[in-house]
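Heavy atoms only: backbone and side chains are in, while hydrogens, waters and symmetry mates are out. If you're wondering where the values come from, they're calculated on a predicted model, not measured in any experiment. Letters A, B, ... mirror the listed sequences (proteins, then strands); counts begin at 1.
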Amino acid sequence: MTTSDEFDNLTTPLETSTSPALKFDVLAKCSTTKARASKMHLPHYTAHTPMFMPVGTMGSIKGITTKQLENLDCHVILGNTYHLGSRPGPELLEAAGGLHEFMSWNRGLLTDSGGFQMVSLLRLANITEEGVEFENPHDGKKMMLTPEMSIGLQNAIGADIMMQLDDVVSSLTTGDRVEEAMWRSVRWLDRSIKANKRPTEQNLFPIVQGGLDARLRTLSAHELIKRDSPGYAIGGLSGGEAKDSFWRMVSLSTDILPDNKPRYCMGVGYAEDLVVCSALGVDMYDCVFPTRTARFGNALVRTGSLALKQGRFKNDLGPIDPDCSCPTCKNYSRAYLHTTVTKDTTGCHLITIHNIAYQMRLMRDIRQAIVDDRFPEFIREFMSIRFGKTVPKWIISALQSVDVDLTAVDEKTGYSATPISDDFQKVPNM
Amino acid sequence: MTGSVRALSRKMTLHFELTGANAAVGVASGAAASPRSGRLVLDRSLNSEASAPASISPSASTLAPAAIGLETPTFLKYTRHGLQPHLVREVAAELSDMPACTRVQLEDFLEDDGSACGQHDAGLHNFVFLDRSEVLLLDTLDPTVTRRVGKSTNSFLAIDSEGGTKRLTPEVFAQLVDRLKPDIIIPPADYIEEPLPSLTQGKRISKSVTRSAKWLDESIAKSVYPSAVFAAVMGSHSPELRDISAKKLLARSDVAGYVFNDVSLALPFERKLQLVQHSLAQLDASKPRYMVGASAPDAALRAILGGIDLVDSSYPYAVTEQGFASTYVFGGEGAAGEIADASAAAAAAGRLDLWQESMFNDFGPLVEGCSCFTCRSHHRAYIHHLLMTKEMLSTVLLQIHNMHWYKGFFADIRSSLARATLAEDAQRFLERYSSSSEAFGELETLATQENSPTTKIQRKRHAEPL
């Protein structure tokens with residue numbers, strides 16, 4: 001596996017920003033869509049974007065060593081503050097010299113604020129101006145996570161990028177609550193910035209909120225920009241909302257957020273979502289999907305995924321993906337994997353390795369296509385393989401908004417697609 | 001081609017020679033039950049069928065070596081679905097100087113319809129991506145499973161599985177051998193379930209001796225591929241019936257080695273070893289002996305002292321599954337290997353319990369001075385954290401250390417044997433760990449365990465363990 005080298009010939013940034021702990025250089029821009037390919041210089045590593053960050057919840061990625069992660073070309077991985085804050089806890093992490101030292105990972109780390117997990121995992125999460133009140137699952141005591149405490153935990157973890165604690169509402173919520181949460185998140189951002197004890201070593205990203213309301217999202221984005229942060233996240237999405245609303249909120253946010261800073265869309269991981277959001281100007285993504293689905297024996301491919309437990313793979317002697325050069329695809333057949341997925345940990349590891357490699361390769365291909373200024377062509381190739389003749393309508397609309405029209409017949413390949421109303425199409429329609 | 005002609009045309013690709021002091025002693029019966037140094041050599045080129053691999057793994061060495069030599073006593077690498085537990089190949093590659101022999105059990109791959117590995121026909125090495133420079137031994141059953149419920153008949157060995165009982169006939173076994181092309185095979189034998197040995201009637205044991213001999217015959221006669229045959233010595237706890245089994249094997253010219261597998265026999269290990277030694281006196285001492293169920297360090301040492309040449313590495317796996325790191329020391333004078341932890345608690349039971357609260361903020365390596373990948377890259381606090389959060393990386397890292405440690409143990413044994421000090425060194429080792437009732441009991445604990453510590457993958461258990 002080679003390390004990304006898309007930018008070898010590009011040294012002059014088209015856009016650039018310098019923050020105390022982050023330098024962002026946009027080195028290539030798509031001349032059609034809003035996509036850009038950039039280098040993000042972090043304290044521990046220089047990452048290439050658009051980039052996908054695998055999630056290593058508690059300080060490891062499901063049985064994969066840090067050496068393997070390097071070989072798979074991961075640049076930044078995610079840790080969950082809620083889990084790490086409980087175990088092993090901030091004192092130990094500080095004593096260990098931070099999470100990088102604790103887990104022997106030399107590249108980039110990003111931590112979330114802990115808020116989302118709290119709200120989704122715990123009962124009685126009661127949100128007040130002070131913070132998020134919850135019941136400790138171990139002893140039932142009432143506890144509080146404030147912006148200051150979240151930053152304190154994240155300072156102890158020591159990741160290159162930290163996320164503000166935000167007042168997260170479900171994307172399906174409507175009414176006054178959404179606006180209340182948006183303004184509170186801005187106030188919590190300011191408290192978080194003040195609480196950051198390591199501004200020259202750790203970056204703090206605000207999170208654009210506002211649900212599915214364009215007015216609120218616009219207000220939120222403009223407020224956050226006033227804080228002149230090193231980068232910005234787009235949050236409160238990927239929660240089951242209609243994809244047509246999803247992409248509009250993403251695009252609206254990237255229109256407002258500054259070009260010379262990274263934009264991070266949280267919780268996005270399906271391949272088609274990564275392609276579309278990159279066309280809308282997003283630079284960073286995270287999602288548990290690739291590693292989680294690996295544990296159920298599902299291997300990611302350009303047409304979707306292969307459920308290797310199924311009987312039809314018993315005699316399939318080819319690799320998961322003939323174009324993939326990960327260790328799993330180079331050495332093991334689908335038939336072999338069929339015998340061991342969900343039965344041995346090694347079976348799980350083999351698929352996890354492939355799925356991470358798949359995501360990394362996809363992002364490399366996206367970056368290369370942007371650098372070569374053939375991203376629209378790449379998008380069409382990708383969609384034709386992934387979906388075939390029919391493509392979910394939201395994807396067609398989103399791409400049309402950046403001048404890529406999948407319904408128009410491609411001169412060179414003859415490919416065109418018709419829209420279907422479903423948000424998700426599992427297999428290609430050939 | 002008749003069965004006997006096939007047997008004659010099976011040119012031996014596997015040879016065993018005694019080395020060191022034993023070579024001079026030769027095969028005198030007094031040496032049968034004594035420790036010996038040896039060299040097991042697989043030379044596929046001696047048989048044209050064996051030397052032509054159906055295909056070569058892309059990442060394997062491009063030329064299969066002329067001959068593969070293994071210094072004994074040593075261990076076969078225990079695998080599940082052809083891979084060492086928890087270790088994909090690039091991680092297993094962190095282990096250096098491992099003996100180039102791997103054991104695979106057919107039950108991992110057997111389908112309900114008797115097939116295995118689908119229609120793959122490029123050999124088992126290729127299917128599990130094992131380098132051709134490895135000796136591959138194909139056994140039927142997983143040595144860490146001690147209780148089974150399926151009942152065998154004259155025609156088939158019953159194998160428990162999730163979907164019910166699978167049936168393995170010698171004919172199916174032979175067909176699989178021809179397709180999988182392993183270097184060494186242990187044909188199916190009628191291993192008896194004996195939780196209460198006193199209850200097992202002589203008739204049942206006698207039946208198992210007859211059946212196993214028949215299955216051995218048919219497995220060899222019906223297969224063409226010239227795998228070397230390691231035959232199981234049967235007879236359970238009956239010395240007389242063991243003699244009958246041994247005599248049958250001694251009469252055969254097509255048996256390259258002997259296997260002793262009494263894991264399902266609930267007798268103390270000492271007694272089982274006595275029975276093995278009883279059989280050894282009846283067998284050809286120039287042939288290698290593999291004892292299944294003698295993987296733990298104390299058992300392996302006793303077995304080796306008793307004349308056994310091969311065991312397998314299921315023990316380190318059992319240690320890993322408890323969340324322990326091996327620390328046992330076999331020191332003779334000038335012993336190789338790393339320095340064990342100085343703390344008394346760790347020393348007493350030959351392992352370090354990573355679950356302990358005291359590991360929480362211990363930033364030292366598993367064992368100070370250990371050169372394995374885990375000890376060079378990580379500390380105890382991290383591995384403790386991984387166990388507490390049920391992360392699979394914990395068992396990956398522990399398995400690397402435990403296999404590395406096991407390999408060092410065997411290197412020390414061979415050195416001790418070469419210096420002719422094995423008896424004293426072994427005595428010292430056994431005494432050192434005799435004070436702890438828990439030392440080396442991880443395989444027994446494994447048999448009672450429900451799940452792997454970090455995943456929800458259920459351990460196969462079809463009956464209450466012995």
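- Neither side chain, S60(A) nor Y382(B), offers a donor N or O lying under 3.5 Å from an acceptor on the other.
- For F373(B), the CZ atom is densely surrounded, since the number of other residues' heavy atoms within 6.0 Å is greater than 12.
- Only the backbone of I64(A) comes within contact range of chain B, with heavy atoms under 4.5 Å apart.
- If you measure heavy-atom distances from F363(B) to chain A, the contacts under 4.5 Å come from the side chain alone.
- In summary, K141(A) and E135(A) do not engage in a salt bridge, as defined by a charged side-chain N under 4.0 Å from a carboxylate O.
- Pairing each heavy atom of K77(B) with each of S313(B), the nearest pair is CA-OG, 3.4 Å.
- Of all non-hydrogen atoms in K343(A) and T339(A), the two that sit nearest each other are NZ-O, 3.6 Å.
- In this structure, G108(A) and D160(A) approach most closely via the heavy-atom pair CA-OD1, 3.5 Å.
- Both the backbone and the side chain of Y336(A) have a heavy atom closer than 4.5 Å to some heavy atom of chain B.
- Residue contact with chain A, scored on non-hydrogen atoms closer than 4.5 Å, involves the side chain of H385(B) exclusively.
- For L84(A), the part lying under 4.5 angstrom from a heavy atom of chain B is the side chain only.
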Go through the steps for N402(B) and H404(B) under the test side-chain hydrogen bond (donor to acceptor under 3.5 Å, both in side chains), then give the verdict.
-> CA-CA 5 Å; N402(B) 293 335; H404(B) 172 90; over 6 Å; no

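- Among residues 296-323 of chain A, the residues having any heavy atom closer than 4.5 Å to a heavy atom of chain B are, in sequence order, K314(A), N315(A), L317(A).
- Only the side chain of V91(B) comes within contact range of chain A, with at least one heavy atom under 4.5 Å from a heavy atom of that chain.
- The candidate from E90(B), H384(B), H378(B), H120(B) with the greatest count of non-hydrogen atom pairs under 4.5 Å with chain A is E90(B).
- Using a 4.0 Å cut-off between charged nitrogen and carboxylate oxygen, D142(B) and R80(B) count as a salt-bridge pair.
- Classified by interplanar angle (parallel below 30°, tilted 30° to 60°, perpendicular above 60°), the ring pair H86(B)/Y317(B) is tilted.
- The contact between S115(B) and chain A is made entirely by side chain atoms (from C-beta outward), counting heavy-atom distances below 4.5 Å.
- Proximity to chain B involves both the backbone and the side chain of T346(A), based on heavy atoms less than 4.5 angstrom apart.
- Closest approach of L124(B) and L136(B) over heavy atoms only: CD2-CD2, 3.7 Å.
- At a cut-off of 3.5 Å, with distance as the only test, no side-chain donor of Q356(B) or D353(B) sits close to an acceptor on the other residue.
- Heavy atoms of A381(B) lying under 4.5 Å from chain A belong to its backbone as well as its side chain.
- Heavy-atom distances place the backbone of E101(A), and not its side chain, under 4.5 Å from chain B.
- With respect to chain B, the highest number of heavy-atom pairs below 4.5 Å among M103(A), H83(A), K62(A) belongs to M103(A).
- In terms of heavy-atom pairs under 4.5 Å with chain B, the best-connected choice from A96(A), S86(A), S333(A) is A96(A).
- Looking at F360(B), both its backbone and its side chain come within 4.5 Å of chain A, counting heavy atoms on both sides.
- When heavy atoms are compared at a cutoff of 4.5 Å, F127(B) approaches chain A by way of both its backbone and its side chain.
- Contact annotation for Q84(B): only backbone heavy atoms (N, CA, C, O) come within less than 4.5 Å of a heavy atom of chain A.
- Listed here is the closest heavy atom pair of K407(B) and S96(B): NZ-O, 2.9 Å.
- The closest side-chain donor-acceptor pair between Q449(B) and T445(B), if any, does not fall under 3.5 angstrom.
- In this structure, CG in L130(B) is found 9.0 Å from CG in D183(B), a value given to the nearest 0.5 Å.
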